[in-house]
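One structure below.
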Amino acid sequence: YSIPQEAAMKAGLHLADGVNPLQLESYVKYMAIATGVHWEEYRVTLPALRTGSQAKDNAGEIPDAEL
């Protein structure tokens, strides 16, 4: 569900999702608004996955591409 880091680097893209154990709360809240994925508590992934299955957890969410 994400562009591999090395592919993003080669294309000059900055990733705004993925797995990161250290997260700024303001960024997590921003990603919740931008992705439409509700944020309740710390999750290692952005956007948050409750069960680890993106298809199951975030299937109905529509991200705001402008954000």
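Please read these numbers as outputs of a predicted model, since none were measured by experiment.
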Any pair counted as side-chain hydrogen bond (donor to acceptor under 3.5 Å, both in side chains), so long as it reaches residues 27-40, sequence neighbours left out: Glu25-Lys29
Results of salt bridge (Lys or Arg N to Asp or Glu O under 4.0 Å) for Glu41 - residues two or more places apart only: Arg43
Heavy-atom closest contact (Val44 atom, Gln23 atom, distance): O-NE2, 3.3 Å
Heavy-atom pair with the smallest gap, counting every atom of Ala48 and Val37: O-CG1, 3.5 Å
Salt bridge (charged side-chain N to carboxylate O under 4.0 Å, His left out) pairs, two or more places apart, involving residues 58-67: none
Contacts table for residues 6-16: side-chain donor-acceptor under 3.5 angstrom, sequence neighbours left out:
none

Same cluster (ILVMFWY, side-chain, under 4.5 Å), Ile62 and Leu67: no
